[in-house]
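Quick notes on the structure that follows.
We name chains A, B, ... by the order of the sequence lines, and we start the count at 1 in each one. Since we're looking at a predicted model, the values are computed, not measured.
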Amino acid sequence: MANIQIVVDASVPDYLMLMKQIHTGASVAVVGQIKESPGKGQRVEIHAETLKVLGTADPATYPLQKKGHSFEFLREKAHLRPRTNTFGAIARVRNALCAAIHDFFQAREFLYVQTPIITTSDCEGAGQVFQVTTLDLARLQQSKAALDYSHDFFGKKAGLTVSGQLEGEIFATAVGDVYTFGPTFRAENSNTTRHLAEFWMVEPEMPFYELDDNMDLAESFVRTIVKDVLNTCEADLAFFNERIEPELLKSLANIVEHDFIRLTYTEAVSILEKSGHSFEFPIAWGSDLQSEHERYLTEQHFRQPVILTDYPRAIKSFYMRSNEDGKTVRAMDVLVPRIGEIIGGSQREERHAVLIDRMRDCNLNPDDYWWYLELRQYGTVPHSGFGLGLERTVQLVTGMTNIRDCIPFPRTPKSADF
RNA sequence: UCCCCGAUAGCUCAAUAGGUAGAGCGAGCGGCUGUUAACCGCUAGGUCCUAGGUUCGAGCCCUAGUCGGGGAGCCA
């Protein structure tokens with residue numbers, strides 16, 4: 001329940017005293033009757049018979065007012081902002097999204113697999129890792145000896161996971177379709193409206209899936225969870241449409257009702273070159289698309305979600321399957337208006353020898369990936385997967401512009417309070 | 001990490017050309033009221049982010065720093 005109005009008649013016991021104690025932020029216990037409300041925007045209200053103040057909130061010091069606050073201010077009050085209507089609505093939408101995500105995969109008999117949060121794996125690769133240690137850093141700072149991780153808690157260097165993909169592949173090549181859904185950590189010094197140091201990621205991994213199957217699943221996934229939330233959070237989405245983003249419902253309907261546009265990186269480059277649009281960064285085959293290019297495609301050219309595939313091999317990860325052209329890999333990114341990349345995925349390289357070659361090309365040591373390579377050495381199978389950022393999806397569905405407002409307790413560079 | 005912008009009352013902001021600060025909202029008091037981001041009147045409320053510097057004099061100019069915001073990169 002988002003809120004309800006209590007009507008207190010002056011005949012309620014201790015009326016005057018109670019009214020002096022009740023201000024914005026106070027908590028009360030009410031006994032009364034639910035009645036049809038003559039007011040606008042609500043069906044019912046409670047007519048109080050007795051009223052008790054459980055906790056007062058001194059209006060001289062209580063930080064929240066009845067009127068709107070800036071999101072910047074509210075971020076400094078992360079312990080109180082869930083009490084505001086906007087953050088209550090975000091919490092409900094986030095909850096509904098999580099339920100929809102599990103529903104989607106459970107309905108398709110995907111196994112929910114918990115991959116580790118602490119990892120000693122050297123093959124993380126996806127970004128800067130937060131180190132996990134019990135070593136006494138203050139003491140070590142004074143000694144000049146090189147760090148010896150054999151004395152550390154795990155006996156080797158450990159960190160927080162940047163992705164559950166590689167472990168997901170272990171289960172996908174064993175038990176069938178799986179997904180992971182949990183916190184992910186990136187120690188990147190990213191200061192943007194769509195990056196967090198701690199965020200939640202959904203990562204399905206499917207044996208026998210090739211890139212087209214992967215895209216079909218990703219598209220169906222996004223459209224289904226958006227549709228679910230449209231159904232379960234109707235009132236909250238109407239609120240966001242009214243207060244936050246006037247085009248919200250229209251853009252969500254657009255996602256649910258239309259097929260995503262699919263095109264290759266090479267086709268995208270061609271469209272951008274022919275667009276006549278002047279970009280800050282030049283377009284050239286081989287270099288990664290800039291934000292402005294992705295935004296042009298999804299917000300101006302197609303005005304719809306777009307799935308880009310088959311990126312140049314040189315700009316993508318070692319584990320993505322090489323195409324026969326020798327230049328591109330079976331990668332896919334799902335781009336949506338307002339947010340940009342919401343999903344990144346690929347068909348994985350399942351050929352043992354090719355994978356080793358790719359590692360060497362990327363200056364990686366195959367020995368560090370021994371168990372990942374064994375998945376190819378023994379009973380290898382074509383497989384694919386992708387990762388969806390939960391907070392970016394909350395941004396998409398709520399229209400909130402800053403990702404720091406889409407997670408209860410945001411962690412960003414220089415900021416980890418509460 | 002790079003580029004740009006900002007920091008003044010509890011909040012959101014203003015302050016002419018450098019002459020030591022104002023408004024709206026909120027709060028307190030009073031009035032009014034089927035209201036829901038109500039309305040009317042009065043009152044209180046400020047270490048102008050920090051540290052230096054220039055100047056007779058700095059909220060305003062200069063230097064350094066801290067924090068916040070936007071954009072870029074990294075990506076989800």
Would you kindly give the [atom1]-to-[atom2] distance between [X] and [N], to the nearest whole Å?
X: Phe281(A); N: C2(B); atom1: CZ; atom2: P; answer: 16 Å
X: Leu335(A); N: C75(B); atom1: CG; atom2: P; answer: 14 Å
X: Arg243(A); N: A37(B); atom1: CZ; atom2: P; answer: 6 Å
X: Met320(A); N: C75(B); atom1: CE; atom2: C1'; answer: 11 Å
X: Glu341(A); N: A76(B); atom1: CD; atom2: P; answer: 5 Å
X: Leu74(A); N: U12(B); atom1: CG; atom2: P; answer: 10 Å
X: Glu76(A); N: A7(B); atom1: CD; atom2: C1'; answer: 11 Å
X: Asp288(A); N: A72(B); atom1: CG; atom2: C1'; answer: 14 Å

Which is true for [X] with a 4.0 Å heavy-atom rule: it touches a base, it touches only sugar-phosphate, or it touches nothing?
X: Ser190(A); answer: base
X: Pro59(A); answer: sugar-phosphate
X: Gln290(A); answer: sugar-phosphate
X: Thr192(A); answer: base
X: Phe73(A); answer: sugar-phosphate
X: Glu45(A); answer: base
X: Val202(A); answer: nothing
X: Gln5(A); answer: base
X: Ile339(A); answer: nothing

So which nucleotide from [options] ends up closest to the side chain of [X]?
X: Asn402(A); options: C25(B), C75(B), G70(B); value: G70(B)
X: Ser37(A); options: A72(B), U1(B), G34(B); value: G34(B)
X: Glu72(A); options: U35(B), A76(B), G68(B); value: G68(B)
X: Lys414(A); options: G68(B), U1(B), A27(B); value: G68(B)

What interatomic distance, in whole Å, is found between [atom1] of [M] and the corresponding atom of [N]?
N: A27(B); M: G68(B); atom1: C1'; result: 26 Å
N: C48(B); M: C13(B); atom1: C1'; result: 13 Å
N: G45(B); M: U35(B); atom1: P; result: 35 Å
N: A7(B); M: C75(B); atom1: C1'; result: 31 Å
N: U50(B); M: U66(B); atom1: P; result: 16 Å
N: U63(B); M: G22(B); atom1: P; result: 30 Å
N: A23(B); M: G46(B); atom1: C1'; result: 14 Å
N: U12(B); M: G70(B); atom1: P; result: 14 Å

Open item on the list: Main chain of Val162(A), side chain of Arg186(A): is a donor-acceptor contact present, judged purely on distance under 3.5 Å?
Closed with: yes

Open item on the list: Please check: side-chain N/O of Thr119(A) versus main-chain N/O of Thr161(A), any donor-acceptor pairing under 3.5 Å?
Closed with: no

Under 4.0 Å between a side-chain N or O of [X] and OP1 or OP2 of [N]?
X: Lys66(A); N: A38(B); value: yes
X: Ser291(A); N: G73(B); value: yes
X: Arg43(A); N: U36(B); value: no
X: Arg194(A); N: G71(B); value: no
X: Arg295(A); N: G71(B); value: no
X: Arg75(A); N: G69(B); value: yes
X: His23(A); N: G28(B); value: yes

TODO: Looking only at non-hydrogen atoms, find the nearest pair between Tyr15(A) and Asp9(A) and report the distance.
DONE: CD1-O, 3.4 Å

Open item on the list: Would Arg376(A) pass as a cation-pi partner of Tyr372(A), given that its NZ or CZ must be under 6.0 Å from the six-membered ring centre and within 45 degrees of the axis?
Closed with: yes

Task: Test: Arg262(A) cationic atom under 6.0 Å from Phe260(A) six-membered ring centre, within 45° of axis - done: no

- [ ] Answer whether the closest heavy-atom distance between the side chains of Phe240(A) and Thr86(A) falls below 4.5 Å.
- [x] yes

Task: Salt bridge flag under 4.0 Å for residues Arg94(A) and Glu391(A) - done: yes

Which base sits across from [N] as a Watson-Crick or G-U pair, both distances under 3.5 Å?
N: A17(B); result: none
N: G24(B); result: C11(B)
N: C67(B); result: G6(B)
N: G57(B); result: none

Open item on the list: I'd like to know if Gln65(A) reaches the base of G10(B) with its side chain such that a donor and an acceptor end up less than 3.5 angstrom apart.
Closed with: yes

Open item on the list: Please compare Leu388(A) and Tyr62(A) by the position of their nearest nucleotide in RNA chain B and report the one closer to 5'.
Closed with: Tyr62(A)

Side chains of residues 280-291 of chain A: which donor-acceptor pairs under 3.5 Å do they make with residues two or more places apart or in other chains?
| unit_1 | atom_1 | unit_2 | atom_2 | d |
| --- | --- | --- | --- | --- |
| Trp285(A) | NE1 | Thr266(A) | OG1 | 2.9 |
| Ser287(A) | OG | Ala284(A) | O | 3.1 |

Open item on the list: Which label fits Phe418(A) and His79(A): parallel for a plane angle under 30°, tilted from 30 to 60°, or perpendicular past 60°?
Closed with: parallel

